[in-house]
S.K.: 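Attaching a single structure in structure tokens format; questions to follow.
Fair warning: this is a prediction, and the values are worked out from it, not measured in the lab. Letters go in sequence order (proteins before strands), and every chain restarts at 1. Reckoned from all heavy atoms, side chains included, excluding hydrogens, waters and symmetry mates.
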Number of protein chains: 2
Amino acid sequence: MDYQQFKKMMLASRQDIFLEVIAENRENIRIKKEKTVVKNLDKIFKATLKISNQKGFQAMSMRDLCQETGISLGALYAYFPSKDDLLSMLMTQGRDAVERVLDSETLQFDDPWGKLKAFIRTHVYLSEIMRPWFYFFFMEAKNLNPSDRKKAIEGDLATEMRLESTLEEGQKLGQFEKRDIVLTAEMIKGLFANWYIKRSKFRSRNISVDQYADFMIEFMADYLGVEDQLGKVSGENM
Amino acid sequence: MDYQQFKKMMLASRQDIFLEVIAENRENIRIKKEKTVVKNLDKIFKATLKISNQKGFQAMSMRDLCQETGISLGALYAYFPSKDDLLSMLMTQGRDAVERVLDSETLQFDDPWGKLKAFIRTHVYLSEIMRPWFYFFFMEAKNLNPSDRKKAIEGDLATEMRLESTLEEGQKLGQFEKRDIVLTAEMIKGLFANWYIKRSKFRSRNISVDQYADFMIEFMADYLGVEDQLGKVSGENM
DNA sequence: TATAAAAAAACGAACGTACGTTATTTTTAT
DNA sequence: ATAAAAATAACGTACGTTCGTTTTTTTATA
């Protein structure tokens, strides 16, 4: 599956997660009609990401958000109880979406190299579609309240563990060369972050998502000494 | 040269750069005695980095800084004209120091691989000693005023160009395997950032600076197909 | 060396402004 | 006509910054 296919598939499932987040926070939202909530909360989330990614969430004022969304100050507070809760909701929605997609695209694989490849490709594609979210997670993680902060760290650690166990399994099966697992996992995560943080740089150099995913997979194949140099899986699963 | 040697060498030259920054901003500083300026501005810079790296520069209030430094609100403003100027001064001091050290440690090399190795090792060591600065650059770059922002981008681009030209030269001489230069340079920078951004993670896993530098050099040797797998140069220059 | 005068530095209360948030009023939709 | 949603104006608070005063340090004089 290349990026275009992935994108189509994603757009279908995005709405579900959004509705679930709304359902979870229903008591905090004063608006009655579901349709109105969906329309305006979407607008609010998008505007928050836009402004925050320019100047940081703390520096974003409610008046900034008011202007960007076209919704008045008073009306905004019908959709969330406080600025801090808005941050919470945004983080939750994003993390849930990411986790769900990563799971659905990688759990099906048995062999470590297949799993690793799928994980890399999915992560790169996902971070492209949801770039504002990924950038936001990265930059605003330290501003979270203790509870959300804990959740964020746990989520991060889970991803890391999955990566490390895949590498370990590959080494045990003799599929991968022996490398420092922690460092390797950390490096992979660093390369992921590189894509969504320096996105504009890659755009100006005309490097596509698919190129970057291929590059990372080729890179890892090289480093781990795997024979299959072709990034894209030819089978029916991916 | 290993990290301990590098550290010793660095500490000697740090003071000079600090004095130069003070000299450049002399008209903005109301304090007459050089010694007082050095003592307190150093305190102010360190406190700013500490607080900013916890909660962000914007979120740091002058009262926070007042408490951390032990200098009163009124006195603080004798050392810089505004909070924004404080940010400027910090950025300038840091960037100047980094650029100078990187230059002094890499310009002497002729062969691309030697230069690349020196660049990697110097950068990793430097970002270890000046970690608060590097973290600060990374996180606060978007909060700069247009003029400082331009300078920061230019500095970044210069580093990138130097990296790319070294890679290109190595390819031309047949020393390196043919790889996408832009992507490779971007990846190296990503690995640099990984070190100072996830510093606590590496510490908890007992990975030392020297190990990380060796890891990166070995990694690049592998990727570029260079014979010399030994990270550390045996000659007298490095 | 001791002391008075001058300069330098530090202090902390006060200013205006912009923030997050809310209570009240107005508009819109049913 | 009634309920829902949006808009407005206002609240208290915390911010960056300033300024008159006090404290400390340096210099000058005996």
S.K.: Do any pairs count as a salt bridge (Lys or Arg N to Asp or Glu O under 4.0 Å) and have a residue in residues 9-19 of chain A, sequence neighbours left out, and if so which ones?
M.R.: none
S.K.: Run the salt-bridge test on B:D96 and B:R100 with the 4.0 Å N-O cut-off and return the result as yes or no.
M.R.: no
S.K.: For B:R121, is there an ion pair with B:D2 - N to carboxylate O distance below 4.0 angstrom?
M.R.: no
S.K.: Just the atom pairs and distances: protein N or O near nucleotides 24-26 of chain D's N or O, under 3.5 Å.
M.R.:
residue : atom : partner : partner atom : Å
D:dT26  : OP1  : B:K33   : NZ           : 2.7

S.K.: Suppose the criterion is salt bridge (Lys or Arg N to Asp or Glu O under 4.0 Å): which pairs have a residue in residues 196-206 of chain A, not counting sequence neighbours?
M.R.: A:E128-A:R199, A:K198-B:E186, A:K201-B:D156, A:K201-B:E160, A:R205-B:E160, A:R205-B:E164
S.K.: What is the separation between atom CD on A:E34 and atom P on D:dA5, rounded to the nearest whole Å?
M.R.: 11 Å
S.K.: With sequence neighbours excluded, tell me which residues meet ring pair (Phe, Tyr, Trp, His ring centres under 6.0 Å) with A:Y135.
M.R.: none
S.K.: Do any pairs count as a salt bridge (Lys or Arg N to Asp or Glu O under 4.0 Å) and have a residue in residues 68-95 of chain B, sequence neighbours left out, and if so which ones?
M.R.: B:K50-B:E68
S.K.: Taking only residues two or more places apart in sequence, or in another chain, which ones meet B:T166 in a side chain to side chain contact (heavy atoms under 4.5 Å, CB included)?
M.R.: B:P112, B:K115, B:L116
S.K.: Just N and O in the side chain of B:S72: are any of them under 4.0 Å from OP1 or OP2 of C:dA10?
M.R.: no
S.K.: For A:Q67 and D:dA6, what is the distance between atoms CD and P respectively, to the nearest whole Å?
M.R.: 18 Å
S.K.: Where does the angle between the aromatic ring planes of A:F192 and A:H123 fall among parallel (under 30°), tilted (30 to 60°) and perpendicular (over 60°)?
M.R.: parallel
S.K.: In residues 38-53 of chain A, which ones come under 4.0 Å of DNA chain D, going by heavy atoms?
M.R.: A:N40
S.K.: Sugar-phosphate atoms are those with a prime plus P, OP1 and OP2; base atoms are the rest. Using that split, label each nucleotide of nucleotides 17-24 of chain C B, S or - for protein heavy atoms under 4.0 Å, 5' to 3'.
M.R.: --BBBB--
S.K.: Just grab all the ring pair (Phe, Tyr, Trp, His ring centres under 6.0 Å) pairs involving residues 10-39 of chain B, residues at least two apart or on different chains.
M.R.: B:F18-B:F45
S.K.: Let me check the geometry of the helix from C:dT1-D:dA30 to C:dT30-D:dA1. What is the bend angle between the axes at its two ends, five pairs each, to 10°?
M.R.: 10°
S.K.: Nearest whole Å is fine: how far is D:dA3 C1' from A:K32 NZ?
M.R.: 8 Å
S.K.: For A:Y79, enumerate each residue passing the ring pair (Phe, Tyr, Trp, His ring centres under 6.0 Å) test, keeping only those at least two apart in sequence or located in another chain.
M.R.: none
S.K.: Hey, are the side chains of B:Y212 and B:L191 touching, using non-hydrogen atoms and a 4.5 Å cut-off?
M.R.: yes
S.K.: Do B:F219 and A:F219 have their ring centres less than 6.0 Å from each other?
M.R.: yes
S.K.: Whole-Å distance between D:dA4 C1' and A:Y79 OH?
M.R.: 10 Å
S.K.: How many Å lie between CD1 on A:I31 and P on C:dA29, as a whole number?
M.R.: 14 Å
S.K.: Tell me, which pairs form a salt bridge (Lys or Arg N to Asp or Glu O under 4.0 Å) where one or both residues lie in residues 24-37 of chain B, sequence neighbours left out?
M.R.: B:R26-B:E34
